[in-house]
Amino acid sequence: QCGRTNEAEMQFEKLLGPLHVKSAMAELSRSERGDDGESVKFSELFYGRHFNVVFIGTTLFALQQLSGINSVFYFSSTVFRSVGVPSSLANICMGIANLLGSIIAMLLMDKLGRKMLLVGSFFFMAFSMGLQAIGANRHLGSASVYLSVGGI
């Protein structure tokens with residue numbers, strides 16, 4: 001829209017590869033003019049060029065739901081209470097941690113890119129869930145509670 005087509009072509013080349021630059025630029029100019037005459041049938045979402053987008057989106061959604069963050073939020077007050085922290089303070093701490101994580105993710109998204117941020121957050125989440133799983137083992141004594149809190 002600003003007339004910086006060379007920069008757009010360079011970004012498309014980085015993102016899609018050199019073979020797809022011309023088609024992406026053509027699609028971009030069509031969408032700017034409002035010429036999106038192309039219609040997609042529902043069945044085309046399961047095969048062809050739209051399948052990759054649908055597959056990646058559905059996989060990311062499933063991984064997000066299966067990551068376990070809902071159970072962490074649900075049981076966090078119980079885990080903190082077992083250490084002696086009041087539930088209200090635990091909820092405040094969880095909210096602040098969630099807010100800080102969102103702000104840090106917003107700041108890093110443009111610098112690192114979404115893919116790097118997603119992969120990094122996946123590994124940190126897997127590590128913290130591993131700590132919580134080890135902490136669920138009551139044979140460790142008082143260390144299990146600290147591992148659970150550390151995982152949260």
Side-chain angles (χ1 to χ4, degrees), residues 1-2 4 7-21 23-25 27-28 31-32 36 38 40-152:
Q1 288 180 342
C2 297
R4 300 178 354 208
E7 290 179 45
E9 286 177 355
M10 288 181 355
Q11 291 301 320
F12 277 135
E13 188 171 342
K14 276 193 233 177
L15 185 65
L16 303 172
L19 298 176
H20 303 287
V21 172
S23 63
M25 289 300 291
E27 189 174 328
L28 183 64
S31 68
E32 283 179 2
D36 284 340
E38 179 184 353
V40 178
K41 296 177 185 173
F42 183 73
S43 61
E44 290 180 27
L45 296 176
F46 301 108
Y47 64 89
R49 67 184 182 125
H50 300 291
F51 174 75
N52 288 340
V53 175
V54 172
F55 178 74
I56 290 170
T58 329
T59 303
L60 287 175
F61 173 75
L63 287 174
Q64 179 183 12
Q65 292 301 313
L66 297 173
S67 69
I69 192 65
N70 294 333
S71 60
V72 169
F73 281 127
Y74 183 78
F75 289 110
S76 66
S77 59
T78 306
V79 172
F80 279 113
R81 197 174 326 120
S82 67
V83 178
V85 177
S87 294
S88 58
L89 182 62
N91 290 335
I92 291 170
C93 289
M94 290 296 293
I96 290 171
N98 198 11
L99 177 67
L100 288 176
S102 298
I103 290 171
I104 291 170
M106 276 189 330
L107 295 174
L108 291 177
M109 193 172 301
D110 289 333
K111 291 181 177 118
L112 297 178
R114 294 174 191 265
K115 183 178 180 181
M116 180 62 112
L117 199 61
L118 183 66
V119 169
S121 64
F122 172 77
F123 283 117
F124 281 118
M125 187 69 179
F127 177 73
S128 68
M129 292 302 256
L131 283 178
Q132 290 178 11
I134 293 169
N137 184 358
R138 296 292 178 198
H139 298 293
L140 296 175
S142 64
S144 66
V145 173
Y146 295 111
L147 283 173
S148 295
V149 170
I152 290 176

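Just so it is clear, the structure is predicted and the values come from calculations on it, not from any experiment. The figures here come from the full heavy-atom set of this structure, side chains too, leaving out hydrogens, waters and symmetry mates.
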Colleague: In Å, rounded to the nearest 0.5 Å, how long is the span from CG of Asp110 to CG of Leu117?
Modeller: 10.5 Å

Colleague: In chain order, what residues pass the side chain to side chain contact (heavy atoms under 4.5 Å, CB included) check against Glu13, with sequence neighbours excluded?
Modeller: Pro18, Val21

Colleague: Apply ring pair (Phe, Tyr, Trp, His ring centres under 6.0 Å) to Phe122 and list each qualifying residue two or more places apart in sequence or on a separate chain.
Modeller: none

Colleague: List the atom pairs, donor and acceptor, that lie under 3.5 Å between side-chain atoms in residues 54-61 and the rest of the protein, sequence neighbours left out.
Modeller:
residue: Thr58; atom: OG1; partner: Val54; partner atom: O; Å: 2.3
residue: Thr59; atom: OG1; partner: Phe55; partner atom: O; Å: 2.7

Colleague: Roughly how far, to the nearest 0.5 Å, is CE of Met106 from CE of Met109?
Modeller: 8.5 Å

Colleague: Name all residues meeting the side chain to side chain contact (heavy atoms under 4.5 Å, CB included) criterion together with Ala24; count only those two or more places apart in sequence or in a different chain, and write none if there are none.
Modeller: Phe12, Leu16

Colleague: Less than 3.5 Å apart, which donor and acceptor atoms pair up between the side chains of residues 126-135 and the rest of the protein, not counting sequence neighbours?
Modeller:
residue: Ser128; atom: OG; partner: Phe124; partner atom: O; Å: 3.4
residue: Ser128; atom: OG; partner: Met125; partner atom: O; Å: 3.0
residue: Gln132; atom: NE2; partner: Gly151; partner atom: O; Å: 3.2

Colleague: According to side chain to side chain contact (heavy atoms under 4.5 Å, CB included), who are the partners of Leu99, at least two apart in sequence or on a separate chain?
Modeller: Ile103

Colleague: Are the side chains of Ile152 and Met94 in contact, using a 4.5 Å heavy-atom criterion?
Modeller: yes

Colleague: CZ of Phe75 to OG of Ser148: how many Å apart, nearest 0.5 Å?
Modeller: 11.5 Å

Colleague: With sequence neighbours excluded, tell me which residues meet side chain to side chain donor-acceptor pair (under 3.5 Å) with Arg114.
Modeller: none

Colleague: What residues, two or more places apart in sequence or in another chain, satisfy side chain to side chain donor-acceptor pair (under 3.5 Å) together with Ser87?
Modeller: Arg81

Colleague: By side chain to side chain contact (heavy atoms under 4.5 Å, CB included), which residues pair with Asn91, not counting sequence neighbours?
Modeller: Ser77

